[in-house]
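Below: one structure, written as structure tokens.
Start at 1 and go down the list; that is how both ligands and their atoms are numbered. The first residue of the sequence shown is numbered 1, and numbering continues consecutively from there.
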Amino acid sequence: MEQIRMVDLQAQYKRLKPELDNAMNTVIEQTAFINGPAVKTFQTELEDYLKVKHVIPCANGTDALQVALMALGLKEGDEVITSTFTFIATVEVIALLKLKPVLVDVDMETFTLIPEQVEKAITKRTKAIIPVHLFGQGADMNQLMAIAQKHQLKVVEDTAQAIGSNYKFNKQSLKLGTIGDIGCTSFFPSKNLGCFGDGGACFTNDDQLAEQMRMIVNHGSQKKYYHQVIGVNSRLDTLQAAILSIKLKELDDFNKRRRKAADFYDGALKDHPDIVIPARTHESVHTFHQYTLRIKNGQRDKLQSYLKEKDIPSMVYYPVPLHQQEAFEPFMEGTIELGNSDVLSKEVLSLPMHTELTNEQLEYITDAILAFFE
Ligand SMILES: *Cc1c(COP(=O)(O)O)cnc(C)c1O
């Protein structure tokens with residue numbers, strides 16, 4: 001049996017090597033490393049795939065979130081509501097722009113924002129909500145969009161872990177990231193659509209926001225050396241764009257492979273009383289960026305050590321919810337109870353998840369987990 005990896009980029013590269021090498025060589029021979037033709041090509045392909053009017057490529061997912069918030073024209077001290085159970089980037093950019101992050105708890109089953117808690121956290125200063133589609137599961141966009149509309153708030157979707165996921169929004173099937181005002185994603189190598197370095201993008205159907213974001217990623221400029229707003233330098237490399245064009249064609253297959261592995265895990269683990277398998281909602285087609293179990297009765301860390309001895313990697317996403325992070329202490333006065341996230345940080349365990357898992361590997365992993373509890 002091949003060594004089990006948390007993420008197996010090597011096996012995937014081997015499978016797609018001829019096409020990927022060819023695409024990279026073309027860029028190198030053209031030496032159009034910055035804003036080469038492959039960037040625009042990928043942009044258009046992603047617009048078609050997502051059925052969204054505008055894709056704005058940028059340097060990484062964190063920049064995508066920052067650029068999105070900059071485009072909304074928020075003012076210092078404006079409040080942005082998001083999840084406390086997410087990767088740091090979501091909240092970091094809010095604080096960096098001198099906005100106030102307001103952290104809200106997540107549902108124990110879906111790991112995504114609880115709409116009722118979001119509504120409770122709204123004040124006169126609230127301007128935006130950032131739902132995070134964590135682990136490939138869509139947040140409750142039907143309810144969150146209704147709340148946003150009622151209170152006239154902007155919605156920026158953090159789609160870094162859920163690119164390609166379909167979501168039933170008001171009976172319409174849409175791609176996650178295209179429902180709110182802006183969607184943001186990351187092409188970090190281990191994401192469901194990953195490049196060979198850093199990359200990211202914003203999506204929107206709003207022409208004005210698109211124009212604003214295109215300016216912001218380009219030093220606040222539309223015409224070279226004329227600058228209308230304060231911007232940043234955030235570009236997707238031509239090489240990465242060429243790689244992403246090849247991988248985008250495979251994305252539905254990648255996500256299918258992930259779901260197949262998740263089905264196997266579900267089947268083997270669903271009946272154990274100490275294990276909670278990840279929920280799947282009716283609205284959201286889960287794309288399993290992570291396959292994350294909850295391990296009850298304080299046994300998570302012992303199980304993780306046991307698996308390690310059997311050469312089975314696993315990860316804890318995330319060991320410390322963001323409301324407990326030292327960096328965010330100044331923002332946390334008067335914070336409401338975020339008890340679910342505190343519990344989740346002690347219970348969650350993510351199993352190996354990628355496009356190349358074999359049944360033999362999956363069986364080895366699930367047998368080991370069940371053996372631990374015997
Ligand atoms: C990966 C990730 C990001 C940031 O993406 P980078 O490309 O690493 O900057 C943001 N939000 C979430 C939820 C992520 O998983």
Side-chain angles (χ1 to χ4, degrees), residues 6-7 9 42 46 55-70 80-97 101 103-104 106 110-113 128-139 141 144 155-165 176-177 180 182-203 213 217 232-237 239-241 243-244 247 255 258 278 284 286-292 315-322 325 327-328 341 344-345 348 350 353-354:
M6 198 62 201
V7 177
L9 295 172
F42 170 64
L46 190 58
V55 164
I56 297 92
C58 66
N60 57 68
T62 309
D63 275 10
L65 288 161
Q66 181 181 331
V67 167
L69 289 178
M70 287 171 81
V80 179
I81 296 175
T82 192
S83 164
T84 190
F85 196 65
T86 174
F87 181 57
I88 182 102
T90 323
V91 179
E92 189 176 51
V93 295
I94 301 172
L96 196 67
L97 293 172
L103 299 179
V104 165
V106 296
T110 63
F111 310 124
T112 61
L113 277 177
I129 306 172
I130 309 184
V132 181
H133 306 308
L134 203 73
F135 304 150
Q137 171 86 284
M141 291 305 287
L144 290 170
V155 174
V156 175
E157 293 173 72
D158 184 340
T159 320
Q161 301 191 2
I163 186 104
S165 298
L176 286 177
I182 302 173
C184 298
T185 204
S186 162
F187 304 122
F188 186 83
S190 63
K191 305 279 164 146
N192 289 26
L193 177 61
C195 59
F196 289 177
D198 275 310
C202 301
F203 339 122
M213 290 192 284
V217 296
V232 295
N233 169 23
S234 188
R235 292 181 288 237
L236 180 67
D237 286 4
L239 258 174
Q240 304 304 344
I243 290 160
L244 286 166
K247 287 210 182 185
N255 284 342
R258 286 174 178 274
S284 175
H286 204 313
T287 44
F288 292 99
H289 175 61
Q290 299 296 344
Y291 183 89
T292 303
M315 295 288 281
V316 173
Y317 301 116
Y318 296 92
V320 184
L322 299 184
Q325 297 283 355
F328 296 134
S341 300
L344 287 176
S345 63
V348 288
S350 298
M353 177 48 80
H354 53 79

Query raised in the report: Quick one: which of T62, T82, D158 gives a side chain to side chain donor-acceptor pair (under 3.5 Å) with T90?
Result: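 Testing T90 for a side chain to side chain donor-acceptor pair (under 3.5 Å) against T62, T82, D158 leaves exactly one candidate, D158.
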Requested in this report: Please find out if less than 6.0 Å separates the ring center of F87 from that of F188.
Outcome: no
Any protein N/O atoms within less than 3.5 Å of an N/O atom in ligand 1? List the atom names and distances, or say none.
| from | atom 1 | to | atom 2 | distance (Å) |
| --- | --- | --- | --- | --- |
| ligand 1 | 5 (O) | S186 | OG | 3.3 |
| ligand 1 | 7 (O) | G61 | N | 2.8 |
| ligand 1 | 7 (O) | S186 | OG | 2.7 |
| ligand 1 | 9 (O) | G61 | N | 3.4 |
| ligand 1 | 9 (O) | T62 | N | 2.8 |
| ligand 1 | 9 (O) | T62 | OG1 | 2.5 |
| ligand 1 | 11 (N) | D158 | OD1 | 3.4 |
| ligand 1 | 11 (N) | D158 | OD2 | 2.8 |
| ligand 1 | 15 (O) | Q161 | NE2 | 2.8 |
| ligand 1 | 15 (O) | K191 | NZ | 2.7 |

Query raised in the report: What distance separates F85 CZ from L322 CG, expressed to the nearest 0.5 Å?
Result: 9.5 Å
Query raised in the report: Roughly how far, to the nearest 0.5 Å, is CZ of R258 from NE2 of H289?
Result: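 The CZ atom of R258 is 6.5 Å from NE2 of H289, to the nearest 0.5 Å.
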Query raised in the report: Between Q161 (side chain) and H133 (backbone), is there a donor-acceptor pair under 3.5 Å?
Result: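 Checked: no pair found.
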Query - Candidate pair L236 and L244, rule side chain to side chain contact (heavy atoms under 4.5 Å, CB included), full reasoning - result: CA-CA 10 Å; L236 180 67; L244 286 166; 4.1 Å; yes
